[in-house]
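Working notes, structure below.
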Amino acid sequence: MEVKNKIILALDVPSMEKAVELMDKVSPYLDTVKIGYPLVLAEGLESVSRVKEEYDCKVICDFKVADIPATNQKIADVTFQAGADAIIVHGFVGADSATSCLESANQHGKEIFLLTEMSHPGASRFLQPVSMDIASMGVEMGITNYVGPSTRLDRLGKIRQIIGKDSFLISPGVGVQGGNPKDTLEFADALIIGRSIYLAPDPVEILESIIDSIEL
Ligand code: 3DU
């Protein structure tokens, strides 16, 4: 996946009205948006197609899919039918669950991102002990897109080693969670950024300063 300016906007706003207000300002700088439960539960899955159509961008649905294979497949199918270009899938539920999302993506000509380790402090207890194994499982499955934490660069580097240089790695946790944009891009192909942009008094100013700081 190509990501303009190596920044994926996490569009975690509570309404389409807020989404439009923000996207009107920042869309010239972006071509990839991540939409998750905050917007979809408030406004429905139509928010995915509306954002795609109005701003001509790619949408990654961050549904952190983590169910049995049969249910995962239904979730992935309906997400791709709504227009999503990709879906984020948890790895800890195992290869069969992730495979059902991968098969759905292949049928629809779309992509999945495998979530390895999360970026928040609580991930250290349950996810960290298995996150490298999740990355290895993804490689065994032939998955080429991954999510890893910008808040623990040593671990992001290990994930990169496991998935190889040709896999596509996107990384949340930059800004409010403490991750540094430029340092993260030593290992990741693109950053996922939400609050630093949408809570800023001037989202364009902050976006421009992040783009400058990563010296593309
Ligand atoms: O911390 P921010 O506001 O920049 O948002 C980060 C986004 O990435 C947000 O949508 C969150 O749900 C998602 N995310 C993580 O923060 C950490 C993960 O491990 C996976 C996804």
Side-chain angles (χ1 to χ4, degrees), residues 1 3 5-15 18-19 22-23 26 29-30 32-43 47-48 51 57-66 79 84 86-93 98 101 112-132 134-135 138 143 145-160 163 168-185 187-201 203 206-207 209-211 213-214:
M1 187 179 274
V3 173
N5 284 322
K6 301 193 177 193
I7 295 175
I8 299 165
L9 174 67
L11 196 53
D12 295 330
V13 292
S15 66
K18 292 272 181 208
L22 179 66
M23 287 299 289
V26 300
Y29 299 85
L30 304 163
T32 312
V33 171
K34 183 178 83 67
I35 294 180
Y37 293 119
L39 186 58
V40 163
L41 292 180
E43 296 280 9
S47 50
V48 171
V51 167
C57 59
K58 296 180 282 290
V59 171
I60 300 171
C61 277
D62 185 0
F63 293 159
K64 296 187 177 70
V65 188
T79 302
I87 191 169
I88 295 177
V89 174
H90 257 305
F92 74 84
V93 273
C101 294
I112 75 166
F113 281 82
L114 190 70
L115 181 48
T116 57
E117 178 166 318
M118 294 183 72
S119 57
H120 62 306
S124 62
R125 180 163 179 189
F126 298 113
L127 266 184
Q128 247 189 27
V130 295
S131 51
M132 301 305 152
I134 291 171
I143 292 175
N145 298 316
Y146 296 85
V147 185
S150 77
T151 48
R152 297 183 205 93
L153 290 184
D154 55 328
R155 303 193 52 91
L156 190 67
K158 285 185 185 148
I159 291 166
R160 169 58 81 189
I163 64 175
F168 196 74
L169 177 60
I170 62 177
S171 186
V174 164
V176 175
Q177 296 185 53
N180 173 281
K182 194 173 166 63
D183 296 347
T184 302
L185 287 173
F187 306 107
D189 297 290
L191 311 169
I192 296 168
I193 310 178
R195 287 166 292 177
S196 300
I197 296 171
Y198 67 75
L199 293 181
I206 190 80
L207 197 46
S209 75
I210 297 169
I211 293 167
S213 81
I214 58 185

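As the structure lists them, so they are numbered: ligands from 1, and atoms in each ligand from 1. Atom set for the values below is all heavy atoms of this structure, side chains included, hydrogens, waters and symmetry mates excluded.
Between Ser15 and Glu43, some side-chain heavy-atom pair lies under the 4.5 Å cut-off. Residues Ile88 and Ile60 meet the side-chain proximity criterion, which asks for heavy atoms closer than 4.5 Å. No side-chain heavy atom of Ile7 sits less than 4.5 Å from a side-chain heavy atom of Pro181. Counting heavy atoms from C-beta on, the side chains of Asp62 and Asp12 never come closer than 4.5 Å. Side-chain contact check for Lys34 versus Leu9: every heavy-atom pair is 4.5 Å or farther apart. Side-chain atoms of Thr151 and Met118, non-hydrogen and from C-beta on, never get closer than 4.5 Å to each other.
Protein heavy atom in closest approach to atom 4 (O) of ligand 1: Gly194 N, 2.8 Å. Scanning the protein heavy atoms around atom 17 (C) of ligand 1, the nearest turns out to be Ser119 OG, 2.9 Å.
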Practice problem: Decide yes or no on side chain to side chain contact (heavy atoms under 4.5 Å, CB included) for Ile143 and Ile112, but give the supporting numbers first. | Solution: CA-CA 8 Å; Ile143 292 175; Ile112 75 166; 3.8 Å; yes
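Under 4.0 Å from ligand 1, the heavy atoms of Lys64 that appear belong solely to its side chain. With a 4.0 Å cut-off on non-hydrogen atoms, Ile88 does not touch ligand 1 at all. Only side-chain heavy atoms of Asp12 come within less than 4.0 Å of ligand 1; its backbone N, CA, C and O stay farther off. The proximity of Gln177 to ligand 1, defined as any non-hydrogen pair under 4.0 Å, is limited to the side chain.
In summary, the atoms of ligand 1 found under 4.0 Å from a heavy atom of Asp62, numbered by their order in the structure, are 13 (C), 21 (C). Below 4.0 Å from some heavy atom of Ala10 lie the following atoms of ligand 1, by number and element: 7 (C), 10 (O).
Comparing Arg195, Lys34, Met118, His90 by heavy-atom distance to atom 19 (O) of ligand 1, the nearest is Met118. Comparing Ser171, Pro172, Ser196 by heavy-atom distance to atom 18 (C) of ligand 1, the nearest is Pro172.
A salt bridge is absent between Arg152 and Asp154: the closest approach of a Lys/Arg side-chain nitrogen to an acidic carboxylate oxygen does not fall below 4.0 angstrom.
Contact between Ile192 and ligand 1 is present, with at least one heavy atom of the residue lying under 4.0 Å from the ligand.
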